[in-house]
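Notes to accompany the following structure.
Below, all heavy atoms of this structure are taken into account, side chains as well, without hydrogens, waters or symmetry copies.
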Amino acid sequence: MASLCGRLVLNAARRNVTYTSVRFCKSTSMGDPLDHATGIEKRELLAKLAGNDDPFMMKIMKRGPGTKENPNCIPSAFEARLIGCICEEDQIRIQWMWLHQGQEKRCECGHWFKLVEKTPV
């Protein structure tokens with residue numbers, strides 16, 4: 001196979017047109033993305049392989065009742081988290097607020113939120 005690729009390249013060189021051997025030799029291919037990934041990207045790929053499609057809890061969560069006695073619980077592995085509340089269904093503006101561990105917070109729309117501890121991924 002290597003000699004065939006070499007002959008094709010030499011024939012191309014005689015005609016003053018050059019081609020790379022990769023074009024003629026189909027044996028090369030990219031490896032698995034998991035083999036090349038490092039750091040956070042690798043942790044995300046491993047979590048997706050394990051069946052967790054949202055390892056960093058970034059998907060939109062639906063609000064619950066949100067009363068002071070039963071607030072919406074927001075998971076976080078840190079002491080604080082930035083959340084956004086869409087107060088009305090058709091609203092375009094997002095009400096952003098910081099939640100801190102041990103403090104319940106009320107949005108302008110009246111819903112209550114509470115930060116609960118979650119183990120890191």
If you take all heavy atoms of Asn72 and Gly64, which pair is closest and at what distance? OD1-N, 2.5 Å
Would a single hydrophobic cluster contain both Ile86 and Leu82, if residues Ile, Leu, Val, Met, Phe, Trp and Tyr are joined by side-chain heavy-atom contacts under 4.5 Å? yes
Between the SG atom in Cys73 and the CD atom in Glu104, the distance rounded to the nearest 0.5 Å is 8.5 Å
Does atom CD (Gln95) have a neighbourhood of more than 12 heavy atoms from anything else shown, all under 6.0 Å? yes
Check the hydrophobic clustering (I, L, V, M, F, W, Y; side-chain heavy atoms under 4.5 Å; chains of links allowed) and say if Met61 and Leu99 are grouped together. yes
Ser76 vs His100 side-chain heavy atoms within contact, under 4.5 Å: no
Taking all heavy atoms of Pro55 and all of Lys118, pick out the closest pair and write down the distance. O-NZ, 4.5 Å
Within the structure provided, determine whether Leu34 and Leu49 are in side-chain contact (heavy-atom separation under 4.5 Å). yes
Using every non-hydrogen atom in the two residues, find where Asp54 and Lys59 come nearest and quote the distance to one decimal. OD2-N, 3.2 Å
So Phe113 and His111, would you call those rings parallel, tilted or perpendicular, with 30° and 60° as cut-offs? tilted
Under 4.5 Å between side-chain heavy atoms, hopping through other hydrophobics if needed: is there a path connecting Trp98 to Ile83? no
For residues Glu117 and Gln101, report the shortest heavy-atom separation together with the two atoms involved. N-NE2, 3.9 Å
Closest approach of Gln91 to Arg93 (non-hydrogen atoms, all atoms of both residues): NE2-O, 3.2 Å
Once you round to the nearest 0.5 Å, how far does NZ of Lys48 lie from CZ of Arg43? 14.0 Å
So do the side chains of Cys85 and Met97 get within less than 4.5 Å of each other, counting heavy atoms only? yes
So do Phe78 and Leu115 actually touch side chain to side chain, heavy atoms under 4.5 Å? no
Where Ala37 and Leu45 come nearest, the two heavy atoms and their spacing: CB-CD1, 3.8 Å
Please determine which of Arg63, Lys68, Glu69 meets the side-chain contact (heavy atoms from CB on, under 4.5 Å) test together with Trp112. Lys68
Hydrophobic clusters here meaning ILVMFWY residues chained together by side-chain heavy-atom distances under 4.5 Å, can you tell me if Trp96 and Ile60 are in one? no
So CD1 of Ile74 and NZ of Lys114: to nearest 0.5 Å the spacing works out to 12.0 Å
